[in-house]
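Remarks on the structure that follows.
Below, chain A is the first sequence line, B the second, and so on; all start at residue 1. Heavy atoms only: backbone and side chains are in, while hydrogens, waters and symmetry mates are out. Keep in mind that what you see is a predicted model, and the values were worked out from it rather than measured.
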Number of protein chains: 2
Amino acid sequence: MKRIADSTVRRLSIYLRFLEDSVLQGIRTISSEELARRGGTTSAQVRKDLSFFGSFGKRGLGYPVPELTTALRDILGIGREWRIIIIGAGKIGTALAQYGGFRQRGFQVVAVYDSDPQKIGSRWDGHEVRDVVDIDHDIAADRPDIAVLTVPAEEAQAIGERVAAAGLRAILNFAPVQLHLSSDVTVRNVNMAMELEGLSFALTNREKNGND
Amino acid sequence: MKRIADSTVRRLSIYLRFLEDSVLQGIRTISSEELARRGGTTSAQVRKDLSFFGSFGKRGLGYPVPELTTALRDILGIGREWRIIIIGAGKIGTALAQYGGFRQRGFQVVAVYDSDPQKIGSRWDGHEVRDVVDIDHDIAADRPDIAVLTVPAEEAQAIGERVAAAGLRAILNFAPVQLHLSSDVTVRNVNMAMELEGLSFALTNREKNGND
DNA sequence: ACATGTGAACTGCTTCACAGCG
DNA sequence: CGCTGTGAAGCAGTTCACATGT
């Protein structure tokens, strides 16, 4: 299979979300034009994105909504259950552990970790917070697929290395540092400070350039 | 000023974070090579990124750490205080409202909104949750700079339109929908489900292609 | 001698435009 | 006739390579 751009995968997620709504509304067929409008892109981009994976549409008609939905789920690999662990039971880690949207989409939180003795042993939403020292052992036993890192910046690299060594191959990193791991580990970064700084930059520049 | 790519602005944030550490450690000078290593990019990329904004380095030496730090803060517009409002007092909104990292970096949460009568009036971390019906009026009075949207997907577009109409020009959108707003409003999206699906895609494809 | 700053070359994503097919 | 699927063209972001300055 040809290498797929990150931006393409992101758009597939967007299309899928809208398609799921459309299925519920009983819509049978949808054009690339309509998908583009809702996804904030162009119809050519939609067709190109989908064409990497097959021919899902009917010329002169559009795409069959239920079939395309199933196909995208399959492409993104969200037909199955993915097991995720959350490392770092701070504010954000806690919110994520309790967030219902994960399980709903096939991502099951199987464990929550922290290093703070005050937090270890406490329970949230059915998850007992475990001691992060046990993580290597636990990963071997529980075989989770994805680690969500919500630890302080200083600890992120070390924890990333440990979960990678234990066999995890996907990390969602909330710590504001760039992780350096073997290339067979896929890392996605979510960095609130960075996003806010991006907005700050945009606002600052708009002011300088007189609003154009 | 030439148009700056989003990817460049993101990297500037990364450089800045590392530079701030370096200042604390008393490091005087840093090379593009070292910045690149820490930022997960190349030295040429670092030099190119910085060159859009000026000549900060000394040939044969590298970049002076304190001066470059100040310059990047200035470029990103984080010398001043930005006033932010959080709309949606659910799990994630609550976590963000209590998150200390914002104020620390110059982003001050000035108000939290929700539409649920049970939540309106309650207090978190010094913020009384206000009724979202008052938001237009409040924005005119409080003049916030950035809105953080943590409302359900169905409500995001309508709320986005309201805050845009009230004069807000920057939105950090956590709802899993693409906002359609006038182009003078800058929107950044943070979408956990999308990131997890990206990891799911990577894991699924690795399995199919036999790990390369 | 060494590391920056930067045009030029390159790579890869996006857009165009139209042939192909229902 | 309408809308998809897709090579070709266009464009933007990255990498190269070296002249430049200290």
Side-chain angles (χ1 to χ4, degrees), chain A residues 1-15 18-19 22 27-69 71-72 75 178 183 194 198 201-202 205, chain B residues 1-15 18-19 22 27-69 71-72 75 178 183 198 201 205:
Chain A
M1 192 196 282
K2 197 169 169 286
R3 210 186 152 281
I4 302 299
D6 231 63
S7 48
T8 296
V9 179
R10 287 200 149 75
R11 283 190 299 269
L12 294 181
S13 282
I14 295 173
Y15 305 153
F18 177 55
L19 284 166
S22 304
I27 295 166
R28 289 289 178 89
T29 258
I30 192 167
S31 65
S32 57
E33 192 61 43
E34 176 68 4
L35 270 170
R37 216 175 51 74
R38 300 296 299 240
T41 183
T42 65
S43 60
Q45 183 74 78
V46 170
R47 295 196 298 277
K48 185 66 93 181
D49 286 340
L50 296 176
S51 75
F52 292 131
F53 302 97
S55 295
F56 305 104
K58 295 208 191 317
R59 289 160 201 253
L61 250 173
Y63 298 90
V65 170
E67 286 85 339
L68 185 56
T69 304
L72 285 187
I75 290 163
Q178 220 58 22
S183 66
M194 184 186 294
F201 176 82
N205 262 42
Chain B
M1 193 196 282
K2 197 168 169 288
R3 211 187 149 282
I4 303 298
D6 232 62
S7 48
T8 296
V9 179
R10 288 199 149 75
R11 284 190 298 269
L12 294 181
S13 283
I14 295 173
Y15 306 153
F18 176 56
L19 283 166
S22 304
I27 295 166
R28 289 289 177 86
T29 259
I30 192 167
S31 65
S32 57
E33 193 61 44
E34 176 69 3
L35 272 170
R37 216 173 52 74
R38 300 297 298 240
T41 182
T42 66
S43 59
Q45 183 74 77
V46 171
R47 295 197 298 277
K48 185 68 92 183
D49 286 340
L50 297 176
S51 75
F52 292 131
F53 303 97
S55 295
F56 304 105
K58 295 209 191 318
R59 290 162 201 249
L61 252 171
Y63 298 90
V65 170
E67 286 86 338
L68 185 56
T69 304
L72 285 187
I75 290 163
Q178 220 58 24
S183 66
F201 176 82
N205 263 41

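- An OP1 or OP2 oxygen of C:dC13 is reached within less than 4.0 angstrom by no side-chain nitrogen or oxygen of A:Q45.
- Per the geometry, CZ belonging to B:F56 stands 17 Å off C1' belonging to C:dA3, to the nearest Å.
- Spacing between atom CZ of B:R10 and atom P of D:dG13 amounts to 13 Å, rounded to whole angstrom units.
- Taking every heavy atom of both residues into account, A:T41 and A:Y15 meet most closely at CG2-OH, 3.7 Å.
- Counting heavy atoms from C-beta on, the side chains of A:Y63 and A:L19 never come closer than 4.5 Å.
- Here B:Y63 reaches the OP1 or OP2 of C:dG5: one of its side-chain N or O atoms lies under 4.0 Å away.
- At a threshold of 4.5 Å between non-hydrogen side-chain atoms, the residues A:E67 and A:F56 do not count as touching.
- The interatomic distance linking B:D6 (CG) with D:dC11 (P) rounds to 20 Å, in whole Å.
- A heavy-atom distance below 4.5 Å is found between the side chains of A:I4 and B:F201.
- Applying the 4.0 Å criterion to OP1 and OP2 of D:dT15, one finds that B:T42 has a side-chain N or O inside that range.
- Residue contacts for A:S7: at a heavy-atom cut-off of 4.0 Å it reaches the sugar-phosphate backbone alone, with no base atom in range.
- Remark: A:S32 is not in phosphate contact with D:dC3, judged by side-chain N or O atoms under 4.0 Å from OP1 or OP2.
- When the P atom of C:dT15 is taken as reference, atom CG of A:D49 falls 10 Å away, rounded to whole Å.
- Between A:D49 and A:R11, some side-chain heavy-atom pair lies under the 4.5 Å cut-off.
- The side chain of B:R47 contributes no N or O atom lying less than 4.0 Å from OP1 or OP2 of D:dT15.
- Atom CG of B:L35 and atom C1' of C:dA3 are 13 Å apart (whole Å).
- Put simply, NZ on A:K48 is 15 Å from P on C:dG12, counting in whole angstrom units.
- Positionally, the nearest nucleotide of DNA chain C for B:S51 lies more toward the 5' end than for the other of B:S51 and A:K58.
- Put simply, the side chain of A:R59 and the base of D:dG2 share no donor and acceptor less than 3.5 Å apart.
- The CD-C1' distance, from B:E33 to D:dT15, rounds to 13 Å in whole Å.
- Regarding A:K2, its NZ atom lies at a distance of 7 Å from the P atom of C:dC13, rounded to whole Å.
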